[in-house]
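Since we're looking at a predicted model, the values are computed, not measured. Chain identifiers are assigned alphabetically (A, B, ...) following the order of the sequence lines, protein sequences preceding nucleic acid strands; residue numbering begins at 1 within each chain.
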Number of protein chains: 2
Amino acid sequence: MTERVVPPDARRRRRPTKQGVVLSEELIVETALRLIEEHGAEALSVRRLGRALGADPSSLYRYFRRTDDLMLAVADELIGRTLRAWRPTGDWRADLRDLGLSMHAGALAHPRAATLSAYRVTGRVHEIQAVETILGVLRDGGFPDAEAVRIYHTFVDQTLAFGALDSASVALPDQAREAEAEVWRTTYGRLPATTHPHVAATAPHLLESMRHSSYPAALDLLLEAAEARLAAVRGRTGG
Amino acid sequence: MTERVVPPDARRRRRPTKQGVVLSEELIVETALRLIEEHGAEALSVRRLGRALGADPSSLYRYFRRTDDLMLAVADELIGRTLRAWRPTGDWRADLRDLGLSMHAGALAHPRAATLSAYRVTGRVHEIQAVETILGVLRDGGFPDAEAVRIYHTFVDQTLAFGALDSASVALPDQAREAEAEVWRTTYGRLPATTHPHVAATAPHLLESMRHSSYPAALDLLLEAAEARLAAVRGRTGG
DNA sequence: CTTAACAGGTCAACGGTGTTGTCATAAGGT
DNA sequence: ACCTTATGACAACACCGTTGACCTGTTAAG
């Protein structure tokens with residue numbers, strides 16, 4: 001039986017498509033990202049990707065067994081790009097804040113990939129590099145191993161979770177997204193104080209707050225609490 | 001022009017389908033939830049839902065203009081179910097912790113449905129009730145309006161985001177979930193200290209931590225930081 | 001009661017989607 | 001120069017959401 005997908009190293013024959021394009025895992029991932037960036041997340045389908053590449057859709061299955069695997073590869077490439085653009089300063093709190101915001105922004109830019117990759121472990125090179133980097137920031141910042149791992153875990157999961165959540169909103173059809181804004185304005189903005197006193201009292205704040213992602217706030221709360229714990233640990237060990 | 005969707009109150013003629021079922025908004029939502037719980041979120045499509053109901057798929061468009069509207073109705077029903085099981089005590093921190101953990105547990109109990117509802121604003125009764133309730137807990141706890149809204153927003157989003165994230169893991173096919181565990185054990189558990197010193201140094205903690213959800217930790221960090229801010233506010237106003 | 005209006009169920013079709021079995025051919029090792 | 005076979009192409013399958021046209025039972029008015 002011929003294996004459908006051959007690992008990249010084992011690929012020898014580089015047969016061009018009818019339109020003269022030489023396919024590769026890299027080219028496919030790059031083109032997928034370009035498609036997403038140019039025409040939105042919903043523009044990415046196997047068939048469109050094939051068309052954009054100048055290849056039959058079914059050819060892609062020689063490189064990725066399922067669409068899922070393609071998305072994981074896209075996700076890992078995203079992690080890589082985010083990491084490459086990041087410039088650590090040596091201040092753990094500032095560095096983590098910067099990295100978190102970058103990852104979140106990256107997720108929003110590629111909603112479908114973010115949604116898929118949030119709950120998957122790719123085990124690919126860039127992901128591994130990210131784990132090593134973040135753990136390094138925390139341990140170099142003075143966190144003991146157990147605490148460093150705990151903060152790492154919540155930091156990463158929170159970033160991925162918010163990334164996926166906010167991505168999902170972004171990926172909504174325009175019509176639905178406008179409907180949501182309308183709901184906040186008309187429904188929540190007009191609840192009477194008699195039946196819903198708390199919403200009525202805070203309505204202006206509420207409408208303003210709901211226009212943005214709460215990820216930055218969540219990130220700051222996390223970093224604040226982490227710093228408090230670091231101070232506690234240092235106090236105990238007499239640092 | 002005949003309106004495609006008639007509001008529930010205006011419905012008079014209850015004509016049964018060919019297979020003898022009398023449709024209604026309620027029946028459709030209930031059946032959708034049943035389908036999701038039994039066969040997963042991806043099993044919910046207009047056509048399958050029609051089949052499960054014993055009706056032509058196009059009939060559903062007499063009740064919901066788009067699939068989206070149906071999803072919102074499903075989401076609100078879920079919020080209602082979760083909220084009904086919660087018992088507040090009057091201590092804001094304990095109550096929020098309890099509510100957060102309940103919502104998270106509820107999400108895990110209905111993984112496929114949770115994934116659907118996490119990122120939508122329904123503007124329906126149960127959701128409104130939830131907003132009012134949580135804001136009440138915070139304001140009664142002493143938070144000024146702006147701060148209450150900020151904490152509310154991060155609390156809700158964090159809970160929904162982690163609920164969706166952890167649900168997605170739970171909903172993975174067994175094969176895929178085992179593969180992920182394998183990646184942690186073999187790939188991350190065996191990285192050499194020469195190339196990945198931080199991962200190698202913390203590997204035991206890492207493998208242990210990754211077995212559980214980080215939501216409780218994230219929630220505690222959030223509540224801790226919130227309490228610190230409340231104390232700061234009270235100090236300023238001389239409470 | 002009869003009857004006419006029309007809400008609401010049905011049918012068929014459109015243009016999309018992911019995926020797979022089969023075939024053909026050019027690349028590359030021998 | 002030949003043979004193997006990797007890899008691209010094709011066609012088909014089973015889905016999907018949505019819509020316009022049609023049909024029919026229910027119901028309210030006369």
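- Taking B:Asp157 as the reference, nothing meets the salt bridge (Lys or Arg N to Asp or Glu O under 4.0 Å) condition, with sequence neighbours excluded.
- For C:dT19, the OP1/OP2 oxygens have a side-chain nitrogen or oxygen of A:Thr67 closer than 4.0 Å.
- Listed by chain and residue number, B:Glu147 satisfy the side chain to side chain donor-acceptor pair (under 3.5 Å) test with B:Arg150 (two or more places apart in sequence, or in another chain).
- Every residue was checked against the salt bridge (Lys or Arg N to Asp or Glu O under 4.0 Å) condition with A:Arg48, not counting sequence neighbours, and none meets it.
- Every residue two or more places apart in sequence or in another chain was checked for a side chain to side chain donor-acceptor pair (under 3.5 Å) with B:His39, and none qualifies.
- Atom CZ of B:Arg62 and atom P of D:dT19 are 12 Å apart (whole Å).
- Atom-to-atom, CG of A:Leu27 to P of D:dT7 comes out at 15 Å; the value is rounded to the nearest Å.
- In this structure, the salt bridge (Lys or Arg N to Asp or Glu O under 4.0 Å) partners of B:Arg185, at least two apart in sequence or on a different chain, are B:Glu182.
- Rounded to whole angstrom, the span from the CG atom of B:Asp68 across to the C1' atom of D:dC16 amounts to 15 Å.
- Pairs engaging residues 152-172 of chain A under the ring pair (Phe, Tyr, Trp, His ring centres under 6.0 Å) rule: A:Phe162-A:Tyr215 [sequence neighbours left out].
- Atom pair B:Arg65:CZ and D:dG17:C1' shows a separation of 16 Å (rounding to whole Å applied).
- Residues of residues 47-59 of chain B that place a heavy atom closer than 4.0 Å to DNA chain C, in numerical order, are B:Arg47, B:Ala55, B:Asp56, B:Ser58, B:Ser59.
- Recorded end-axis angle for the helix from C:dC1-D:dG30 to C:dT30-D:dA1 stands at 10°, based on five pairs per end and rounded to 10 degrees.
- We find that OH of B:Tyr61 is positioned 6 Å from P of D:dG17, with the value rounded to whole Å.
- Nucleic acid contact class of A:Tyr63 (heavy atoms, under 4.0 Å, all strands): sugar-phosphate only.
- For the pair B:Ser45 and D:dC16, the criterion of a side-chain N or O lying under 4.0 Å from OP1 or OP2 is met.
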Can you give the donor-acceptor pairs under 3.5 Å from side chains of residues 15-31 of chain A to other protein atoms, not counting sequence neighbours?
residue, atom, partner, partner atom, Å
A:Thr17, OG1, A:Gln19, N, 3.3
A:Thr17, OG1, A:Gly20, N, 3.4
A:Thr17, OG1, A:Val21, N, 3.2
A:Thr17, OG1, A:Gly54, O, 2.9
A:Ser24, OG, A:Leu27, N, 3.0
A:Thr31, OG1, A:Leu27, O, 2.7

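- Minimum interatomic distance between B:Ala118 and A:Leu165 (heavy atoms only, all atoms of both residues): O-CD1, 3.7 Å.
- The distance between atom CD1 of A:Ile28 and atom P of D:dT7, rounded to the nearest whole Å, is 12 Å.
- Sequence neighbours left out, the pairs with a member in residues 71-82 of chain B that pass side chain to side chain donor-acceptor pair (under 3.5 Å) are B:Asp76-B:Thr122, B:Asp76-B:His126, B:Glu77-B:Arg81.
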Considering only nitrogen or oxygen atoms on both sides, find all protein atoms under 3.5 Å from nucleotides 27-30 of chain C and state each distance.
residue, atom, partner, partner atom, Å
C:dA27, N3, A:Arg13, NH1, 3.4
C:dG28, OP1, A:Arg12, O, 3.0

Decide side chain to side chain contact (heavy atoms under 4.5 Å, CB included) for B:Leu138 and B:Leu96; before the verdict, give the C-alpha distance in whole Å, the side-chain angles of both, and the deciding distance to 0.1 Å. CA-CA 9 Å; B:Leu138 286 165; B:Leu96 277 195; 3.7 Å; yes

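- Every residue meeting the ring-ring contact (aromatic ring centres under 6.0 Å, His included) condition with B:Tyr188, not counting sequence neighbours, appears here in chain and number order: B:Trp184.
- Rounded to a whole Å, the NZ atom of B:Lys18 is 9 Å from the P atom of D:dT24.
- For A:Arg66 and C:dG18, the CZ to C1' distance is 12 Å, given to the nearest whole Å.
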